[in-house]
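Each remark here refers to the structure printed beneath this line.
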Amino acid sequence: MNVIRTIAELRSVLNEARGEGKTIGLVPTMGALHEGHASLVRLSVEQNDLTVVSVFVNPTQFNDKNDLKNYPRDLDADCALLESERVDIVFAPEVEEMYPQPDTRQFSFAPLDSVMEGPFRPGHFNGVAQIVSKLFYAVEPHKAYFGEKDFQQLAIIREMTRQLALDIEIVGCPIIRESDGLALSSRNMLLTDDERKRSLAISRTLFASLEYAKEHTLKETKAYVEDSINAVDGFRLEYYQIVDGYSLQPVEEWSDCDYIVGCIALFCGKIRLIDNIKYKEVK
């Protein structure tokens, strides 16, 4: 496994691989890797001749400087996991490599970025688009892999790829959960033991709402989830939205569309967690 720090070296190695007709998969990450990331990596290794995993904590997508400062980092552990998954290249640049000058580009993804995370994390998706587009230009992958846990981010990356006319297939991968149901996240390691136990109420409530929804209206189901989460001591709900899975716009009735997803964001203590559940999906 090759650990590369510069775009110039990365392009040199990848151009040689492309010249040999090899397909390239990219898995962008911010490190602190877990089984969720590993599932993306395995799919890329299976579907491509060569897999690149980027490990870069991107400063432009953090609204809170303390969140950026406290974000878990352990490149040695990340590399050990990636080597065991037969990754070919780890791209682990410094901030100065990705941002030799400030990135002043402004993206517009309306209405995708005007709901859910948008109002609570202004500028976040612009920062995501800045770094993901930089990675796409540096790697020029045939396929790029993203987890569905960041459901809104996945939709926005698809839209960014369309806007920039990039010939890259965006592959969305299912949420990976702990055996007790908690969605895997790098932030989980920041939870105290008590917070970790309380956090199980998130997935438990979402899965219970699937059954509840069979006999209740969409509005009643939304209220059921909100009330259940608000009843948990130590939780602070930011939003629970039931949306069209394509447009991300709120829906009023189960009959409004054929792809409906419930997306949640909350603070468990000081740690912000997100999750989602699919109520209707086109098979």
Side-chain angles (χ1 to χ4, degrees), residues 36 63 108-122 124-125 128 146-160 162 170-178 180-185 187-188 195 197-269 271-283:
N63 310 86
S108 176
F109 301 114
L112 295 175
D113 57 355
S114 63
V115 295
M116 298 191 294
E117 297 288 286
F120 291 97
R121 305 184 71 185
H124 168 70
F125 288 122
V128 169
F146 297 87
E148 289 185 347
K149 186 174 77 69
D150 294 288
F151 192 80
Q152 188 173 11
Q153 173 180 279
L154 176 59
I156 283 172
I157 287 170
R158 285 195 167 116
E159 173 62 15
M160 181 202 74
R162 186 195 67 78
I170 306 301
V171 182
C173 303
I175 295 174
I176 303 298
R177 298 182 180 277
E178 301 273 12
D180 56 16
L182 182 65
L184 283 173
S185 169
R187 297 174 191 271
N188 291 352
E195 289 168 347
K197 292 175 183 176
R198 293 176 193 230
S199 68
L200 299 181
I202 304 170
S203 59
R204 187 165 58 237
T205 299
L206 292 182
F207 284 120
S209 76
L210 290 178
E211 290 301 313
Y212 187 91
K214 293 177 181 178
E215 304 294 335
H216 294 83
T217 68
L218 188 148
K219 290 181 181 179
E220 288 171 338
T221 302
K222 184 173 185 291
Y224 167 81
V225 171
E226 291 173 336
D227 292 345
S228 299
I229 292 298
N230 285 328
V232 179
D233 187 35
F235 276 8
R236 177 165 63 84
L237 179 65
E238 280 199 334
Y239 65 79
Y240 183 64
Q241 290 290 321
I242 300 180
V243 302
D244 181 310
Y246 299 111
S247 71
L248 305 187
Q249 300 309 291
V251 292
E252 298 295 325
E253 306 288 345
W254 295 123
S255 58
D256 283 352
C257 58
D258 55 11
Y259 187 17
I260 298 179
V261 183
C263 297
I264 194 167
L266 60 85
F267 279 91
C268 180
I271 307 305
R272 190 174 189 272
L273 301 173
I274 63 173
D275 203 343
N276 62 75
I277 197 85
K278 295 175 183 176
Y279 292 102
K280 292 174 67 176
E281 183 179 12
V282 180
K283 300 297 183 182

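These numbers come from the heavy atoms of this one structure, side chains and all, not from hydrogens, waters or symmetry mates.
The side chain to side chain contact (heavy atoms under 4.5 Å, CB included) search around N276 returns F151, I175, V261, C263, not counting sequence neighbours. Listed by chain and number, the residues in a side-chain hydrogen bond (donor to acceptor under 3.5 Å, both in side chains) with N63 are R121 (sequence neighbours excluded). Residues meeting the ring-ring contact (aromatic ring centres under 6.0 Å, His included) test with Y212, sequence neighbours left out: H216, Y224. D180 pairs by the side-chain hydrogen bond (donor to acceptor under 3.5 Å, both in side chains) definition with R196, not counting sequence neighbours. For F267, there are no ring-ring contact (aromatic ring centres under 6.0 Å, His included) partners, not counting sequence neighbours. Partners of D275 according to the side-chain hydrogen bond (donor to acceptor under 3.5 Å, both in side chains) rule, which considers only residues two or more places apart in sequence or in another chain, are R177.
Shown here for Y240 and L206, the closest heavy-atom pair between the two residues is CE1-CD2, 3.6 Å. For V225 against S209, the heavy-atom pair with the smallest separation is CG2-CB, 3.6 Å. Of all heavy-atom pairs between G118 and Q152, the closest is N-NE2, 4.2 Å. Closest approach of V232 to A201, counting heavy atoms only: CG2-CB, 3.8 Å. Closest heavy-atom contact between K280 and C257: NZ-O, 2.8 Å. Nearest heavy-atom pair across I170 and F146 is CG2-CD1, 3.9 Å.
Atom CD in E238 sits 11.0 Å away from atom CG in L273 (nearest 0.5 Å). Rounding to the nearest 0.5 angstrom, the gap separating the CZ atom in R272 from the CG atom in L266 is 8.5 Å. Here the straight-line distance linking atom CG of D233 with atom SG of C268 works out to 10.0 Å at 0.5 Å rounding. Here I229 contributes atom CD1 and R204 contributes atom CZ; the two are 9.0 Å apart, rounded to the nearest 0.5 Å. The distance from the CZ atom of R158 to the CD atom of Q153 is 11.5 Å, given to the nearest 0.5 Å. The OG1 atom of T217 lies 10.0 Å from the CD atom of E252; values are rounded to the nearest 0.5 Å.
Inter-residue side-chain proximity for L210 and I277 is flagged as met; some heavy-atom pair is nearer than 4.5 Å. Looking at L184 and E178, their side chains come closer than 4.5 Å, going by heavy atoms from C-beta outward. Considering only heavy atoms from C-beta on, D244 stays 4.5 Å or farther from D256 through its side chain. Using a 4.5 Å cut-off on side-chain heavy atoms (C-beta onward), V128 and I156 make no contact. Residues L237 and I264 form a side-chain contact, since some pair of their non-hydrogen atoms from C-beta on lies under 4.5 Å apart. Taking 4.5 Å as the limit, every side-chain heavy atom of Y279 sits out of range of all side-chain heavy atoms of V251.
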Exercise. Check the pair N188, I271 against side chain to side chain contact (heavy atoms under 4.5 Å, CB included), reporting the backbone distance first and the verdict last.
Key: CA-CA 8 Å; N188 291 352; I271 307 305; over 6 Å; no

Exercise. Go through the steps to decide whether V115 and Q241 satisfy the test side chain to side chain contact (heavy atoms under 4.5 Å, CB included), and finish with yes or no.
Key: CA-CA 9 Å; V115 295; Q241 290 290 321; 6.0 Å; no

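The pair E195-R198 fails the salt-bridge criterion, with no side-chain N (NZ, NE, NH1 or NH2) lying under 4.0 Å from an Asp/Glu carboxylate O.
Panel note: side chain Q249, backbone P111; a donor-acceptor pair is recorded below 3.5 Å.
Taking a 6.0 Å sphere around CD of E281, one finds it holds more than 12 heavy atoms contributed by other residues, nucleotides or ligands.
For F109 and F125, the ring centers are positioned 6.0 Å apart or more.
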